[in-house]
Amino acid sequence: MPVFPAPTSRIPPVTGPAIRLAGTARFGTATLFRDAVLELLPGTWTCLLGPSGVGKSTALRLIAGLDTGADFQGDIKALDGSPLTGRVAYMAQSDLLLPWLDLRGNVALGARLRGSPPDWPRIDALIDRLGLAAHARKRPASLSGGQRQRTALARTLMENKAIVLLDEPFSALDARTRADMQDLAAETLAGRTVLMVTHDPGEAARLGARIYLMENNTLTQHPPPAGHPIRAIDDPEMLACQAALLLQLRAAT
Amino acid sequence: MSRRLLVSLLVATLLLLLWQALVTLADLPPFILPGPWRVAKALAQNADLILWHAGVTLVEVVIGLTLGTLLGIATALGLAASPVARQLVRPALILTQALPVFALAPILTLWLGYGIWSKILIAVLIIYFPVTSAFSDGLAATPKGWLDLARTMQARPHHMLWRIRVPAAMPALASGLRLAAVYAPIGAVIGEWVGASQGLGYLMLLANGRAKTDLMFAALAVLALMTLVLYRAVGAGCDRLASRFS
Ligand SMILES: Nc1ncnc2c1ncn2[C@@H]1O[C@H](COP(=O)(O)OP(=O)(O)OP(=O)(O)O)[C@@H](O)[C@H]1O
Ligand SMILES: [Mg+2]
């Protein structure tokens, strides 16, 4: 009797590596962060909070291997020993949609740029799940801010990479859609190593297995709520953590 | 739009009336400045002749515009694909702009003869730079965020060029083409002045030499109209191009 392999889902499970950023970043003489250590645990979400302009996006871009204009001294590496290049999906703070492609074309961009045929059934299914099916043929100029942001999220999820860097991915969404998208992202990115920059303490408390605060040129860890992400919206521990985070953000000088 | 058309018509009529008034009141002889009525009569009497010469000029302009545009696009793409080429060719390209095409016209006519090819080449030379430089600047000015995104997506360089940098540069190319549409007729007419046996430029020179000033003005009017229509047509195409890609 031949042995058939167990049926697998179309997308093979991926486990993201642990990642460690350690060092100091400066813009000219201005120090952005000094002797910071940012550790992403393998296959989990890490959330990065902090006031506007402290350097969160810069840290994310450093990990993505993009030019930041900052002078960084230190070390960024995946702890599994393999290089980061080619394993990272990046969702920038601005949606970066291409105005001449429709929503569908934007979601398919990654495949197109690599010269491989886009996986249209998966793309259309994802667009549908993000609640964008009715707009699939629209160009970005005729989409709302939240629709544009979800399109950018879909494009990032289509990358199917082991490491996913999200810069305020849900900032333009209404409360309900935001909660839905958090669920969807947590499910879709299960097993990936995710770093999410956010301004929303509740979001960090809901999704973070680890939570970092960046303020006054330093990076500190804040204890996450007990229990595994993604946490229930009315989880008391989660709400307590959300409050504690907000208090700490407000206490910062 | 129709309102704008109405205003333009009104202004044109007013100018024609002023022109006629100037000629009548100052009692200018027709070989110095013929009135619009005389010019219109010359146009009607010589319609076949003028249209034939206009056809020649139009062919030169259209071929020149097409070749110059294709050449400019190809050069800009070549420069965009290869940084080495950019460093080598860019200064040379700017140097060629220091040479006025007017100065080259006689030698080009000497080399290529009195036929349409010397005129086409002059038109090509005159529009090559604006097209190349507008498109090339557009290709070099792709928003950094898109390039970063493409890099994290591990885009192949030629896909990055064709799927991001080229479409992003379309509005810039469109503005180069708009300029080219105005310059191309100038190039062709310069060529016809320097040496030709046909074309509106030749006809104007001939009419001028025989003191047929009304015919000269009639040919000039047709040239102006042709340039305007060309500019509008290319402009409409460019508007569509620019809005398709932005
Ligand atoms: N190229 C640059 N040259 C000089 N300074 C820069 C440059 N890019 C960013 N900065 C500065 O670095 C600081 C950090 O920028 P960054 O985008 O990382 O902030 P952020 O924490 O993501 O803020 P926000 O929450 O508003 O997105 C800012 O004060 C910004 O002005
Ligand atoms: Mg930021």
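Only heavy atoms go into these numbers, but all of them, side chains included; no hydrogens, no water, no symmetry mates. So you know, we letter chains A, B, ... as the sequences are listed, proteins then strands, and number each from 1. All values derive from a computational prediction rather than experimental measurement.
The heavy-atom pair separating B/Asp148 from A/Arg61 by the smallest distance is OD2-NH2, 2.7 Å. When all heavy atoms are compared, the tightest approach of B/Ser246 to A/Pro99 is C-CB, 3.8 Å.
The number of heavy atoms from other shown groups lying within 6.0 Å of CH2 (A/Trp120) is above 12. Counting heavy-atom neighbours within 6.0 Å of B/Trp162 CH2, excluding the residue itself, gives a total of 12 or less. More than 12 non-hydrogen atoms from other residues, nucleotides or ligands lie less than 6.0 angstrom from CZ of B/Phe245. Within a 6.0 Å radius of CZ in A/Phe72, other residues, nucleotides and ligands contribute more than 12 heavy atoms. Atom CZ of A/Phe27 sits in a crowded spot, with more than 12 heavy atoms from other residues, nucleotides or ligands closer than 6.0 Å. Taking a 6.0 Å sphere around OH of A/Tyr212, one finds it holds more than 12 heavy atoms contributed by other residues, nucleotides or ligands.
Neither the backbone nor the side chain of A/Arg87 has a heavy atom closer than 4.5 Å to any heavy atom of chain B. Looking at A/Leu66, only its side chain comes within 4.5 Å of chain B, counting heavy atoms on both sides. The contact between A/Leu97 and chain B is made entirely by backbone atoms, counting heavy-atom distances below 4.5 Å.
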Going through the checks in order, is the side-chain contact (heavy atoms from CB on, under 4.5 Å) test met by B/Met153 and A/Arg114? CA-CA 7 Å; B/Met153 288 174 156; A/Arg114 287 183 290 273; 3.9 Å; yes
Please step through side-chain contact (heavy atoms from CB on, under 4.5 Å) for the pair B/Ile164 and A/Leu113, ending with a clear verdict. CA-CA 9 Å; B/Ile164 295 189; A/Leu113 287 177; 3.9 Å; yes
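Considering only heavy atoms from C-beta on, A/Leu109 comes within 4.5 Å of B/Leu149 through its side chain. Contact check for B/Thr152 versus A/Glu159: no side-chain heavy atoms found under the 4.5 Å cut-off.
Formation of a donor-acceptor pair under 3.5 Å by the A/Arg112 side chain with backbone atoms of B/Arg163 is not found in this model.
Taking the six-membered ring for Trp and thresholds of 30 and 60 degrees, A/Trp100 and B/Trp146 have ring planes more than 60 degrees apart, a perpendicular arrangement.
Residues of residues 129-156 of chain A that come within less than 4.5 angstrom of chain B, heavy atom to heavy atom, are A/Arg139, A/Arg155 in numerical order.
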